[in-house]
Amino acid sequence: MKKDLLTIDELEVGDIDQILDLTAKVKSDRSKYSDSLKGRSIGLIFQKPSNRTRVSFEIGMVQLGGHAIYLGPHEIEMGVRESVKDVAAVLARYLDCIIARTYKHEDVVDLAKYATVPVINGLSNRAHPCQALSDIFTIKEKLGALKGITIAYVGDGNNVLNSLMCAAAKVGMKIKVATPKGYEPMKDVVRIAKECGKYSGSSLEFSNDPEKAARDAEVIYTDVWVSMGHEKESAQREKAFKKFQINDKLMKLAEPNCLVMHCLPAHRSQEITDSVIDSKNSVVYDQAENRMHTEKAILLKLLK
Ligand code: CP
Ligand code: NVA
């Protein structure tokens with residue numbers, strides 16, 4: 001595995017297999033790893049709010065015997081008070097690993113370039129790799145397999161989708177994406193996702209039709225219509241996404257036991273109804289829990 005985890009496409013399929021296997025181990029035997037990163041420290045440089053990513057990394061690191069420090073938007077002011085290069089070079093003298101949540105993806109790339117320690121992308125405008133790894137772990141845990149499983153994504157062509165489709169493609173899933181016109185995923189990410197699925201037997205289908213995507217899906221996934229940083233577009237987006245809601249009607253088209261997934265935070269009554277997110281098919285809280293187990297595995301892989 002490379003020094004950093006910035007995007008899914010940088011991972012070998014073997015790295016993904018190892019992370020999933022190790023995640024299962026750390027999840028089933030917490031005490032076995034309780035001293036694994038003793039004396040080691042991670043720092044979380046976050047330019048945006050977070051519940052899951054912050055808490056799962058901090059507590060995950062504590063459970064591995066290490067220490068975590070949170071550096072919120074007003075502490076470091078990366079790129080304002082100090083350059084990304086200087087932040088990276090200095091923090092690498094104190095920390096064993098940096099987790100970064102940024103607006104610009106280039107900032108995560110630059111941190112990795114100038115830090116001598118591993119850098120993990122905790123969400124940028126382009127990618128959310130830790131989320132995608134936790135998601136495929138959750139699907140495997142629930143369905144017992146990944147290869148050949150059909151996953152539908154209904155909603156915004158955003159950072160979560162970018163990483164999810166690359167991860168799903170690498171492990172041989174069938175991916176059906178439905179976004180409103182004008183909110184399709186970035187062209188270069190689509191090209192990369194197709195590349196990721198070249199040898200895995202995966203397939204990728206894109207449309208502007210949520211019903212087409214949901215039909216016969218074994219997993220259905222959505223995310224907020226307005227990602228962090230796009231708040232000014234809220235009114236326009238709410239209009240464009242109206243038909244892209246996961247509701248009971250859409251669920252009728254999917255397989256009866258179809259898993260319902262959402263990275264959270266959810267905007268109930270927008271991209272998903274209460275009746276669906278609170279249904280027996282929903283695994284959103286397992287997904288959230290698995291963030292911590294997956295991230296413990298990632299930290300072990302990068303720091304051991
Ligand atoms: N899913 C996720 O990354 O949640 P947070 O924004 O709360 O970290
Ligand atoms: N797409 C969302 C994900 C939040 C975890 C955002 O970037 O705000």
Side-chain angles (χ1 to χ4, degrees), residues 1-17 19-20 100-113 119-136 139 146-210 212-214 217 219-225 227-230 233 237 240-241 244 261 263 298:
M1 190 161 160
K2 288 188 168 177
K3 170 177 122 352
D4 312 293
L5 173 54
L6 306 186
T7 57
I8 293 290
D9 58 282
E10 294 164 13
L11 292 172
E12 303 286 339
V13 178
D15 295 329
I16 296 181
D17 288 342
I19 291 169
L20 298 186
R101 170 166 285 201
T102 63
Y103 288 93
K104 289 188 279 179
H105 183 72
E106 297 71 41
D107 284 351
V108 193
V109 174
D110 282 346
L111 276 172
K113 184 172 164 191
V119 172
I120 299 174
N121 182 357
L123 183 145
S124 64
N125 283 356
R126 184 184 175 91
H128 199 3
C130 301
Q131 182 68 52
L133 290 167
S134 170
D135 295 338
I136 59 169
I139 296 168
L146 290 168
K147 220 179 190 41
I149 297 286
T150 303
I151 181 166
Y153 178 95
V154 175
D156 189 21
N158 63 16
N159 45 9
V160 167
L161 172 64
N162 291 346
S163 295
L164 181 69
M165 65 184 179
C166 288
K170 289 234 177 200
V171 298
M173 295 178 76
K174 295 185 173 143
I175 308 140
K176 303 202 284 174
V177 176
T179 54
K181 282 204 170 73
Y183 295 94
E184 290 88 356
M186 292 179 267
K187 281 208 170 69
D188 64 321
V189 181
V190 170
R191 184 184 47 75
I192 290 168
K194 285 184 179 158
E195 195 68 29
C196 285
K198 215 168 170 182
Y199 305 107
S200 67
S202 135
S203 65
L204 268 156
E205 172 195 294
F206 297 92
S207 78
N208 305 112
D209 182 352
K212 188 174 176 206
V219 181
I220 192 158
Y221 199 116
T222 191
D223 184 16
V224 289
W225 294 342
S227 283
M228 293 179 277
H230 293 275
E233 302 163 24
R237 282 176 171 264
F241 282 83
F244 290 74
M261 301 185 79
C263 57
I298 296 165

For [Y], is there any backbone N or O sitting under 3.5 Å from a side-chain donor or acceptor partner on [X]?
X    : Y    : result
N208 : T179 : yes
K3   : A112 : yes
S163 : I8   : no
R101 : L123 : no
E184 : G182 : yes
K176 : S207 : no

Test side chain to side chain contact (heavy atoms under 4.5 Å, CB included) on D156 and H230 and set out the steps. CA-CA 12 Å; D156 189 21; H230 293 275; 5.9 Å; no
Side chain to side chain contact (heavy atoms under 4.5 Å, CB included), that's the test. Do Y199 and V13 meet it? Break it down for me. CA-CA 10 Å; Y199 305 107; V13 178; over 6 Å; no
Gap between atom [atom2] of [Y] and atom [atom1] of [X] - 0.5 Å precision:
X    : Y    : atom1 : atom2 : answer
I16  : S200 : CD1   : OG    : 9.5 Å
L146 : S202 : CG    : OG    : 11.5 Å
E205 : T150 : CD    : OG1   : 9.5 Å
L204 : Y153 : CG    : OH    : 14.0 Å
K2   : E12  : NZ    : CD    : 8.5 Å
I175 : F206 : CD1   : CZ    : 7.5 Å

Could you check L133 against L5 for side chain to side chain contact (heavy atoms under 4.5 Å, CB included), going step by step and ending with a plain yes or no? CA-CA 11 Å; L133 290 167; L5 173 54; 4.0 Å; yes
Among I136, V177, I220, L164, find the residue that satisfies the side chain to side chain contact (heavy atoms under 4.5 Å, CB included) test when tested with I151.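 Only one of I136, V177, I220, L164 forms a side chain to side chain contact (heavy atoms under 4.5 Å, CB included) with I151, namely L164.
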Exercise: identify the closest heavy-atom pair between [X] and [Y]:
X    : Y    : answer
G155 : F244 : N-CD2, 4.3 Å
N125 : M228 : OD1-O, 4.2 Å
C166 : C196 : O-CB, 3.8 Å

How about Y183 and F241: are their ring centres within less than 6.0 Å of each other?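 Ring centroids of Y183 and F241 are less than 6.0 Å from each other.
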Step through the shown structure and confirm whether more than 12 heavy atoms of other residues, nucleotides or ligands are within 6.0 Å of NZ on K147.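 Enclosed: over 12 neighbouring heavy atoms sit under 6.0 Å from NZ of K147.
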In terms of side-chain geometry, is the basic nitrogen of K170 or D15 positioned less than 4.0 Å from the acidic oxygen of its partner?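 No, this pair does not count.
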Would you mind writing out the side-chain donor-acceptor pairs for residues 102-110 within the sub-3.5 Å range, not counting sequence neighbours?
unit_1: T102; atom_1: OG1; unit_2: K104; atom_2: O; d: 2.9
unit_1: H105; atom_1: ND1; unit_2: S124; atom_2: OG; d: 2.8

Min side-chain heavy-atom separation I149-V219 under 4.5 Å: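 Answer yes - side chains close enough.
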Heavy-atom check, side chain of D9 versus side chain of E195, under 4.5 Å: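 Side chain of D9 against side chain of E195, heavy atoms only: no contact under 4.5 Å found.
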Given side chain to side chain contact (heavy atoms under 4.5 Å, CB included), test D188 with R126 step by step and report yes or no. CA-CA 11 Å; D188 64 321; R126 184 184 175 91; 2.9 Å; yes
